[in-house]
Amino acid sequence: MQKIFCLFLLCCITSLQGQEYFLKKYEPFQENIPSPEEFLGYGIGERHTRHDLIVAYFKKLAEVSERVTFYEYGKTHEGRILSMLTVTTPENLNNLEALKAEHLAFTDPQRTPSNYDEVPVFINLAYNVHGNEPSSSEAALLSAYTLAASNAPEILRYLRNAVIFIDPAINPDGRDRHTQWANTYQGSPLVADPQDAEHDEYWPGGRTNHYWFDLNRDWLLAINPESRGKLGWYHEWYPNVVTDFHEMGSQSTYFFEPMKTNGSLDPIMPKENYEDLNSMFGAYYAKALDSIGSLYFTKEVFDGTYPGYGSSYPDLQGGLGLLFEQASSRGHKQTTAFGEITFPFTIRNQFTSSITTVRAAVENKTYLRKYQQDFFKSALTNANKSSIKAYKFGDNYDQNRVKAFIDKLLLHKIKVYKDGDKSYVVPTNQPQYRMVQTMFETYTKYRDSVYYDASAWSVANFYNIAYTAVSKANLGTAVLSTDDLAMVSAVQRSNYAYLIDWDDYNAPAVLNYLQKNGLVLSAAFKPFTSKTSSGNRSFNYGTLLVPVELQKKSSEEVFELLKEAQTKFKVPMYAVSSGFNLMGVDLGSRFVQPVTAPKAAMIIGEGVRSYEAGEVWHLLDTRVHMPITKIPMRNFAGADLDKYNSLVMVSGSYSFNEKTMGKLKAWVEKGNTLITIGGASKWAIDKKLVKESLIKVDKDSTKSAERKPYVDAGENLGKESVGGIIVRAQLDLTHPLGFGYRNEIIPVYKNNSVWLSPSKNEYSTVAKYTAQPLIDGFITDTNRDEYLKPSASLLVSPLGSGRVVLFADNPNFRGSWYGTNKLFLNALFLGNHINVPK
Ligand SMILES: [Zn+2]
């Protein structure tokens with residue numbers, strides 16, 4: 001560290017000019033504190049800064065500045081540090097615990113402190129959630145240096161009145177993926193031509209995290225360690241203001257809030273947030289950007305209602321979340337219709353907005369504090385006005401799915417109580433009432449297609465949790481952690497056989513674990529009732545059977561493996577001593593068949609929708625602990641498919657030539673399973689791989705269209721797309737794809753226009769939308785009545801001795817659809833045993 005520092009000191013003198021472009025305004029700086037340029041050895045904007053260097057610089061600041069402490073709030077999937085720098089005056093820093101207590105008193109609706117102006121305002125400057133929007137982390141380095149080292153009176157005033165928490169990179173894994181790209185292709189001299197490789201990253205790009213998740217959708221769903229770490233930090237500090245810096249397409253200028261008016265109308269939010277606060281802050285940004293000659297726009301675009309954005313989640317915590325979008329130089333310099341955009345120029349705009357945020361927050365400290373206090377107080381008043389006093393939920397068969405849902409509630413500090421063996425209650429009368437609404441309430445009206453993203457996010461439906469709103473509830477004992485929520489009675493030893501419930505969310509993980517360790521398991525294709533060591537029990541479709549004598553291992557070894565699997569995955573298991581069942585088929589029935597282990601592959605790469613592919617990868621890695629081979633599209637024609645018995649194709653554009661198409665078809669016909677999701681299902685039908693069809697609505701081609709104003713075209717077309725809705729599907733519970741479900745009506749997530757016609761084969765339509773399909777979100781009447789209602793959600797189509805499983809919808813959406821993951825895992829684990837009668 002020391003060596004690097006000295007080496008870099010030598011070259012810093014050469015580019016002082018670059019430093020002035022950003023920092024002149026805030027001189028003088030403390031001389032003992034290295035500027036980013038002195039530390040890194042190059043001027044900000046000359047290269048893309050690696051994440052480890054950002055962390056090293058932050059640690060350096062904490063070491064040399066009395067104003068700064070460094071905190072690590074987590075680690076990414078790839079092991080990078082998630083860091084937070086706290087900056088304020090040394091006095092405030094020494095007194096931070098007391099200031100925190102005073103600050104938090106404003107978030108407690110039971111208390112009424114009024115020292116609004118006496119407590120420093122808490123500001124979270126957060127950057128780079130999208131890894132390939134790199135100007136922001138560079139601006140974070142400048143903000144950190146300015147706040148840590150500047151002695152300008154203006155900065156000293158901010159420090160006295162604020163505690164600033166700087167998160168330089170919310171998505172370090174994506175950031176480094178992009179950084180590597182941009183630096184690798186950087187020319188000297190720079191090449192501004194947009195066609196140069198520097199300006200066009202390869203698949204999957206650096207926007208997403210390790211598993212190709214968009215972390216700017218993950219604040220609500222909290223699937224990834226980046227968001228989980230952040231939420232932990234967030235609910236400790238409840239900042240008054242939070243920034244979220246982004247980049248948009250290069251052919252633009254700069255955007256700050258207010259957002260689009262009709263995209264801000266969230267009935268859960270106090271109107272004051274978007275009507276007053278956004279305009280108040282907007283005036284500061286306008287003035288600051290005017291002063292450096294930068295163009296910008298507001299109000300036209302973006303929405304802030306989906307609560308999983310970095311700019312909307314803070315709004316649901318009594319803070320003010322702020323979105324910034326800079327036209328990207330994507331690379332170090334790029335020619336655009338607005339002239340040449342340079343990387344330093346984009347960084348300067350973001351840096352200007354950063355310091356301006358601190359200023360606006362400091363100058364409106366009293367207002368922001370009072371706002372946060374009112375926010376939490378009004379949560380209780382609103383809850384008291386509502387006739388709904390609580391939501392009750394539970395599940396008799398699957399405690400791991402319920403546990404995963406409760407984990408989300410607790411992360412958001414929602415209070416949960418246990419009021420029975422498998423029953424839970426969430427009261428509405430609690431400070432996080434607005435998050436309770438977010439989790440349970442559904443809307444089919446106000447949310448319009450103007451939305452930039454999903455129009456439905458009632459998380460309880462993601463988990464297929466049956467819940468009811470009640471007007472009276474007795475709270476039981478508070479649930480403080482999820483540790484003991486999926487307790488199972490320990491499996492008893494048997495020398496004959498074991499039965500494992502397939503209803504449990506973790507059952508596929510158990511099956512994989514036992515198969516991997518060499519056991520042979522069967523699945524029951526019909527239900528039965530057995531006499532078990534813990535009494536008579538009825539078993540559902542899909543129940544797993546482990547016959548002891550048939551294994552290559554001793555009965556003691558089999559027992560040990562089952563115990564291990566149960567300790568890891570908490571799935572109910574039962575010992576039986578006879579194959580003769582009390583009801584239904586016997587254990588040796590031809591309806592209880594050995595299942596082959598999946599050998600899975602998935603096509604990835606240029607043209608494939610990386611989010612959907614990442615969701616499959618993430619599910620198998622993190623929940624099933626099963627490997628999947630990711631075959632790059634460019635190698636698919638030459639790949640040896642005989643190594644696999646299951647192939648996954650998610651939405652994407654697959655332009656296979658005739659030979660490759662023939663190879664894929666021949667592979668399925670041999671008895672293998674092709675699983676297609678969303679756009680890939682449409683592709684399989686278009687390419688006539690299967691004898692299925694898409695819904696076609698006949699339009700009269702001779703009739704001329706009704707005239708409409710040109711200016712409305714964008715908005716009108718937007719309405720037609722299905723942005724993301726939750727709909728009801730009716731599932732065949734006797735079909736292997738429906739195994740593990742108890743209720744034939746399930747919520748599914750639809751965010752595409754893949755409308756599958758129900759099959760001509762009576763046994764192929766596994767799930768179909770119901771007559772009243774809409775649960776949550778916006779869809780036009782035409783789309784609902786002419787396309788959604790008549791179509792199917794899930795088909796299995798025979799092809800030779802094999803089959804194609806066609807999902808119209810995405811069962812793994814955002815890693816959060818615990819309710820429909822089982823459909824996908826059934827396709828993977830049981831798919832090879834589906835024989836559709838022809
Ligand atoms: Zn972005």
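Each ligand, and each atom within it, is numbered from 1 in the order the structure gives.
- At a threshold of 4.0 Å, the pair Arg814-Asp218 does not count as salt-bridged, since none of the basic side-chain nitrogens sits closer than that to a carboxylate oxygen.
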Walk me through it: do Lys230 and Asp167 pass the test salt bridge (Lys or Arg N to Asp or Glu O under 4.0 Å)? CA-CA 10 Å; Lys230 191 58 174 284; Asp167 181 344; 3.0 Å; yes

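- Residue Glu133 counts as close to the Zn ion (ligand 1), with an N, O or S atom under 2.8 Å.
- Sorting the N, O or S atoms of His246 by how far they are from the Zn ion (ligand 1) puts ND1 first.
- Every side chain to side chain contact (heavy atoms under 4.5 Å, CB included) that Glu275 has, sequence neighbours left out, goes to Lys271.
- Per residue His130, closest N, O or S atom to the Zn ion (ligand 1): atom name ND1.
- Residues passing the side chain to side chain contact (heavy atoms under 4.5 Å, CB included) test with Thr253, sequence neighbours excluded: Leu295, Phe297, Phe338.
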